[in-house]
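Notes for the one structure printed next.
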Amino acid sequence: MKLKYYFQINWLKTFYINFSTLPLKSAIKLPIVLFYRTVIRSLKGKIIIDAPVSHGMIKIGRADVSHWQYAHTILDINGMVHFAGKATVGRGSALVVNRGGKLVTGKKFRITAGTTILCEKSITFGDNFLSSWDNLIMDSDHHDIFSITNEPLNSPQPVTIGNHVWLGCRCTLLKGSVIPDDCVVASGSVITKAFSEKSAIIGGNGKNQLVLKSNIIWRE
């Protein structure tokens with residue numbers, strides 16, 4: 001199994017991302033591992049690892065979900081990505097951080113597959129985040145809308161996700177979303193507002209974004 005793991009790694013891109021973004025003393029340990037079908041569009045931004053560095057602590061593009069194994073993983077980093085610990089970004093996902101944007105992940109950050117993160121200004125994850133597949137998280141609309149008096153109507157707003165949050169499949173978190181600690185976001189939800197209740201299942205869309213159940217505990 002260990003040998004198979006090493007054959008799945010794109011070693012050329014792994015060396016490239018480490019030695020082009022990290023200090024030499026960290027880069028030689030190859031903490032960031034890129035798997036095959038990972039596409040690097042840009043590494044003009046900055047990657048920070050704020051944790052003890054070890055080989056393979058950040059895995060990007062690994063195919064652990066069978067129906068995503070032929071998809072491509074995209075890295076387009078023109079802003080800052082800050083890893084606070086181990087992270088796994090499954091195949092078919094995309095990390096897009098625009099210039100001036102800051103993406104922060106906590107300890108034990110995990111995306112199973114097929115999740116897109118589009119960061120214009122600020123997206124922050126707490127510790128122990130788990131995402132299912134086919135999700136979208138973005139802090140801006142990526143197209144400006146103005147009133148007839150030229151007043152901006154849809155400026156970017158931070159997205160904040162607390163500790164120990166589980167994001168079900170096919171969810172969308174839009175600008176201004178806040179998910180508190182120990183929450184589960186129900187599959188198929190579209191979240192556009194700040195929730196405050198911890199340890200809850202939240203879900204819905206539009207005017208029907210609700211706390212569906214309170215005082216819950218979720219385990220892996």
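This is a predicted model, so every value here is computed, not measured.
- The closest side-chain heavy-atom distance from Thr112 to Asp64 is not below 4.5 Å.
- Expressed to the nearest 0.5 Å, how far CD1 of Ile32 lies from CD1 of Ile58 amounts to 5.0 Å.
- Counting only heavy atoms from C-beta outward, the side chains of His67 and Trp133 approach each other to under 4.5 Å.
- No side-chain heavy atom of Pro152 sits under 4.5 Å from any side-chain heavy atom of Asp144.
- Considering every non-hydrogen atom in both Val165 and Trp218, the closest pair reads C-CZ2, 3.7 Å.
- If you take CD1 on Ile179 and NZ on Lys193, they are separated by 10.5 Å, rounding to the nearest 0.5 Å.
- Annotation for Asp181 and Gly162: closest pair OD1-CA, 3.3 Å, computed over non-hydrogen atoms.
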(request) Go through Phe35 and Tyr5 one step at a time and tell me if the ring-ring contact (aromatic ring centres under 6.0 Å, His included) criterion holds. (result) CA-CA 9 Å; Phe35 292 80; Tyr5 162 79; 5.8 Å; yes

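- His55 and Tyr6 have parallel rings, their planes meeting at less than 30° on a 0 to 90° scale where 60° marks the start of perpendicular.
- The heavy-atom pair separating Leu95 from Ile77 by the smallest distance is O-CG1, 4.4 Å.
- Ile111 CD1 to Ile117 CD1: the interatomic distance, rounded to the nearest 0.5 Å, is 4.0 Å.
- Closest approach of Ala200 to Val211, counting heavy atoms only: CB-CG1, 3.8 Å.
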(message) side chain to side chain contact (heavy atoms under 4.5 Å, CB included), that's the test. Do Leu24 and Phe19 meet it? Break it down for me.
(response) CA-CA 7 Å; Leu24 180 60; Phe19 284 94; 3.6 Å; yes

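- Note that OG1 of Thr105 is 12.0 Å distant from CD1 of Ile123, once rounded to the nearest 0.5 Å.
- Residue Gln209 is tested with Ile202, Val190, Thr192 for a side chain to side chain contact (heavy atoms under 4.5 Å, CB included); the sole match is Thr192.
- In this structure, Asp139 contributes its side chain and Val159 its backbone to no donor-acceptor pair below 3.5 Å.
- Residues Glu120 and Met138 form no side-chain contact, since every pair of their non-hydrogen atoms from C-beta on lies 4.5 Å or further apart.
- Looking only at distances, a side-chain donor or acceptor of Ser93 sits under 3.5 Å from a matching main-chain atom of Gly114.
- Between Gly188 and Cys171 the shortest heavy-atom distance is N-SG, 3.8 Å.
- Of the possible polar contacts, one joining the Ser147 side chain to the Thr149 backbone as a donor-acceptor pair under 3.5 Å is found.
- Arg110 contributes no side-chain N or O that, together with a main-chain N or O of Lys86, makes up a donor-acceptor pair within less than 3.5 Å.
- Shown here for Ser196 and Pro180, the closest heavy-atom pair between the two residues is C-CG, 3.6 Å.
- Lys102 NZ: 12 or fewer foreign heavy atoms inside a 6.0 Å radius.
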(request) Run the numbers on Leu34 and Leu75 for side chain to side chain contact (heavy atoms under 4.5 Å, CB included), then give the verdict. (result) CA-CA 10 Å; Leu34 302 188; Leu75 291 179; 4.0 Å; yes

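- In this structure, Gln8 CD and Arg37 CZ are separated by 12.5 Å, a value rounded to the nearest 0.5 Å.
- No salt bridge links Lys198 with Asp182; every basic N to acidic carboxylate O contact stays at or beyond 4.0 Å.
- Between Leu30 and Trp11 there is a side-chain heavy-atom pair separated by less than 4.5 Å.
- Residue Leu118 is tested with Val96, Leu103, Ile137 for a side chain to side chain contact (heavy atoms under 4.5 Å, CB included); the sole match is Val96.
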